[in-house]
Chemist: 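Here it is, the structure in full.
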Amino acid sequence: MKIKICGIRREEDVRYLNETMPDYAGFIFADTKRIVTEEQAALLRKQLDPQIQVFGVFVNAPVEQVSVLACKGIINVIQLHGDETEGYIRTLRSKTEVPVIKAVRVKKQEDILLADQLPVDHLLLDTYHKGQYGGTGETFSWELIPKDLEHSYLLAGGIRAGNICQALSAVEGKGRCIGVDVSGGVETNGVKDKEKIKKLIETVRTYRTQ
């Protein structure tokens, strides 16, 4: 089970990740409180342990902006979190070989099934909230996840150390959950908290061995 800590934006955040070693880090290039610029991301990327793969999170961004960040090696994986269409995805894939993940804001099971038809490498299942593209801090109904999905997926939406075992148990047998994506669940007062990151990672890795 892979672990992604998203919303990395400070040098302290990078130090926390280098100490705790999740599988993935996420830089957000969308208009949120956790946004980073290309320059900030490039600097943080250089300080991050090279074993940690970096996701770039985008919301309806120009294809050129996304592909440039991938081609420069600032990000290793593209995560599309907006209203990107199949045509957009195919255009993007023609410009870069970096893996592409499509986030689904789950309101009903049909949302997942429709996204499962897209030409992406994986899905990310997140919570639907009107007017927000993510970062709600709320869980969704995990029972909506179909048992048979073509794509493997990351589970997001309100995940934290206190409910991660419940979440992983709930999705067993529901497609192929390959990891969890956490941001606000490892923060205190809006910034990353090393102890919360450490606790979450320890909890997931203990769950793996049970």
Side-chain angles (χ1 to χ4, degrees), residues 1-28 30 32-36 41 44-45 47-57 75-77 79 81 99 101 103-106 122-129 132-145 152-210:
M1 187 65 60
K2 304 293 187 181
I3 303 165
K4 174 179 168 235
I5 305 298
C6 201
I8 300 304
R9 58 190 176 90
R10 307 178 305 153
E11 291 187 6
E12 295 96 318
D13 300 342
V14 171
R15 288 202 302 271
Y16 299 162
L17 267 56
N18 287 343
E19 291 178 27
T20 56
M21 291 301 292
D23 303 281
Y24 308 126
F27 294 156
I28 299 177
T32 73
K33 63 183 179 182
R34 302 183 181 101
I35 189 172
V36 293
L44 294 171
R45 182 71 176 90
Q47 299 174 40
L48 188 67
D49 189 300
Q51 296 181 73
I52 301 173
Q53 298 288 287
V54 175
F55 282 49
V57 181
I75 59 174
N76 307 109
V77 182
Q79 179 179 319
H81 227 290
I101 290 181
V104 185
R105 296 180 292 149
V106 180
H122 310 284
L123 301 177
L124 182 144
L125 305 184
D126 200 358
T127 303
Y128 173 86
H129 193 288
Q132 287 185 241
Y133 284 102
T136 65
E138 302 172 1
T139 60
F140 67 93
S141 298
W142 299 316
E143 62 267 21
L144 292 176
I145 302 173
S152 55
Y153 63 90
L154 293 167
L155 185 67
I159 302 295
R160 55 191 184 279
N163 69 359
I164 184 63
C165 291
Q166 178 188 358
L168 295 178
S169 178
V171 301
E172 285 185 4
K174 290 182 173 293
R176 290 170 290 136
C177 180
I178 59 172
V180 293
D181 183 320
V182 185
S183 185
V186 289
E187 292 183 349
T188 299
N189 298 324
V191 296
K192 293 293 181 282
D193 183 316
K194 183 176 75 170
E195 292 306 312
K196 288 185 177 180
I197 294 172
K198 181 179 178 182
K199 177 65 174 176
L200 179 93
I201 291 174
E202 288 176 347
T203 303
V204 172
R205 290 179 177 161
T206 299
Y207 183 90
R208 287 177 182 170
T209 63
Q210 292 177 349

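Remember, it's a predicted structure, so these values are computed and weren't measured experimentally. Side chains are part of it too, since the values below use all heavy atoms of this structure and drop only hydrogens, waters and symmetry mates. Note that the numbering runs from 1 along the sequence shown for the chain.
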Chemist: Which pair of heavy atoms, one from Cys165 and one from Thr203, lies closest together, and at what distance?
Modeler: SG-CG2, 3.6 Å
Chemist: Tell me, please, which residues at least two apart from Ala41 pass side-chain contact (heavy atoms from CB on, under 4.5 Å).
Modeler: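 Listed in chain order: Phe27, Phe29, Val36, Ile74.
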Chemist: Mind checking the NE2-CD1 spacing from His122 to Ile178? Nearest 0.5 Å is all I need.
Modeler: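 If I round to the nearest 0.5 Å, the distance is 4.5 Å.
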Chemist: Taking all heavy atoms of Pro22 and all of Ile52, pick out the closest pair and write down the distance.
Modeler: O-CG1, 3.5 Å
Chemist: Using side-chain contact (heavy atoms from CB on, under 4.5 Å), reason through Trp142 and Leu168 one step at a time and then give a plain yes or no.
Modeler: CA-CA 10 Å; Trp142 299 316; Leu168 295 178; over 6 Å; no
Chemist: Sorted by first residue and then second, give each side-chain hydrogen bond (donor to acceptor under 3.5 Å, both in side chains) pair with at least one member in residues 163-174; sequence neighbours left out.
Modeler: Glu172-Tyr207
Chemist: Going by the rule side-chain hydrogen bond (donor to acceptor under 3.5 Å, both in side chains), which residues pair with Arg15 if we only count those two or more places apart in sequence or in a different chain?
Modeler: none
Chemist: Using the salt bridge (charged side-chain N to carboxylate O under 4.0 Å, His left out) criterion, which residues pair with Glu202? Sequence neighbours excluded.
Modeler: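 For Glu202, no residue satisfies salt bridge (charged side-chain N to carboxylate O under 4.0 Å, His left out) once neighbours in sequence are set aside.
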Chemist: So, taking the atom named OG1 in Thr20 and the one named CD1 in Ile197, what distance separates them when rounded to the nearest 0.5 Å?
Modeler: 5.5 Å
Chemist: Using every non-hydrogen atom in the two residues, find where Arg9 and Val191 come nearest and quote the distance to one decimal.
Modeler: NH2-CG1, 3.8 Å
Chemist: Does Glu187 have any side-chain hydrogen bond (donor to acceptor under 3.5 Å, both in side chains) partners at least two apart in sequence or in another chain, and if so, which?
Modeler: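 Partners of Glu187 by the side-chain hydrogen bond (donor to acceptor under 3.5 Å, both in side chains) criterion, ordered by chain and then number, come out as Arg34, Lys192.
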Chemist: In Å, rounded to the nearest 0.5 Å, how long is the span from CG of Asp23 to CG of Leu17?
Modeler: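 Interatomic distance, Asp23 CG to Leu17 CG, rounded to 0.5 Å: 10.5 Å.
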Chemist: Backbone N or O of Gly158 within a donor-acceptor pair of the Thr139 side chain at under 3.5 Å?
Modeler: no
Chemist: I'd like to check the side-chain contact (heavy atoms from CB on, under 4.5 Å) partners of Asp193; sequence neighbours left out, ordered by chain and number.
Modeler: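 Result, side-chain contact (heavy atoms from CB on, under 4.5 Å) vs Asp193: Thr188, Glu195, Lys196.
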Chemist: Output the distance between atom CG (Leu123) and atom CZ (Arg176), rounded to the nearest 0.5 Å.
Modeler: 10.0 Å
Chemist: Kindly indicate whether the side chain of Ile145, heavy atoms from C-beta on, has any atom under 4.5 Å from the side chain of Leu155.
Modeler: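 When only atoms from C-beta onward are counted, Leu155 and Ile145 do touch, with a gap below 4.5 Å.
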Chemist: Verify side-chain contact (heavy atoms from CB on, under 4.5 Å) between His81 and Ile28, making sure each step is shown before the conclusion.
Modeler: CA-CA 10 Å; His81 227 290; Ile28 299 177; over 6 Å; no
Chemist: With sequence neighbours excluded, tell me which residues meet side-chain hydrogen bond (donor to acceptor under 3.5 Å, both in side chains) with Ser141.
Modeler: none
Chemist: Going by the rule ring pair (Phe, Tyr, Trp, His ring centres under 6.0 Å), which residues pair with Tyr24 if we only count those two or more places apart in sequence or in a different chain?
Modeler: Phe55
Chemist: So for atom CD, which belongs to Glu143, do other residues, nucleotides or ligands contribute more than 12 heavy atoms lying within a distance under 6.0 Å?
Modeler: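 Atom CD in Glu143 is packed in, count exceeds 12.
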Chemist: Find the distance between CD (Gln79) and CD1 (Ile101) and round it off to the nearest 0.5 Å.
Modeler: 6.0 Å
Chemist: Out of curiosity, Ile164 CD1 to Ile3 CD1, how far, rounded to the nearest 0.5 Å?
Modeler: 8.0 Å
Chemist: Stepwise, does the side-chain contact (heavy atoms from CB on, under 4.5 Å) test hold for Glu11 with Leu44?
Modeler: CA-CA 7 Å; Glu11 291 187 6; Leu44 294 171; 4.1 Å; yes
Chemist: Could you work out, with side-chain contact (heavy atoms from CB on, under 4.5 Å) as the rule, every residue matching Asn76, not counting sequence neighbours?
Modeler: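 Arg45, Gln53, Val54.
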Chemist: Search all heavy atoms of Ala161 against all heavy atoms of Leu200 and return the closest pair with its distance.
Modeler: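 Heavy-atom minimum between the residues: N-CD1, 3.5 Å.
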Chemist: For Tyr153, which residues count as a ring pair (Phe, Tyr, Trp, His ring centres under 6.0 Å) partner, sequence neighbours excluded?
Modeler: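 With sequence neighbours excluded, Tyr153 shows a ring pair (Phe, Tyr, Trp, His ring centres under 6.0 Å) to no residue whatsoever.
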Chemist: For Cys6 versus Ser183, what's the shortest heavy-atom pair and its separation?
Modeler: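 Looks like O-OG, 3.1 Å.
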Chemist: Looking at every heavy atom in both Asn18 and Asp49, which two are closest together, and how far apart are they?
Modeler: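 Taking every non-hydrogen atom into account, OD1-N, 2.7 Å.
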Chemist: Return the set of residues passing side-chain hydrogen bond (donor to acceptor under 3.5 Å, both in side chains) with Lys194 (not counting sequence neighbours), or none when no residue passes.
Modeler: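 Per chain and number, Lys194 pairs via side-chain hydrogen bond (donor to acceptor under 3.5 Å, both in side chains) with Glu19.
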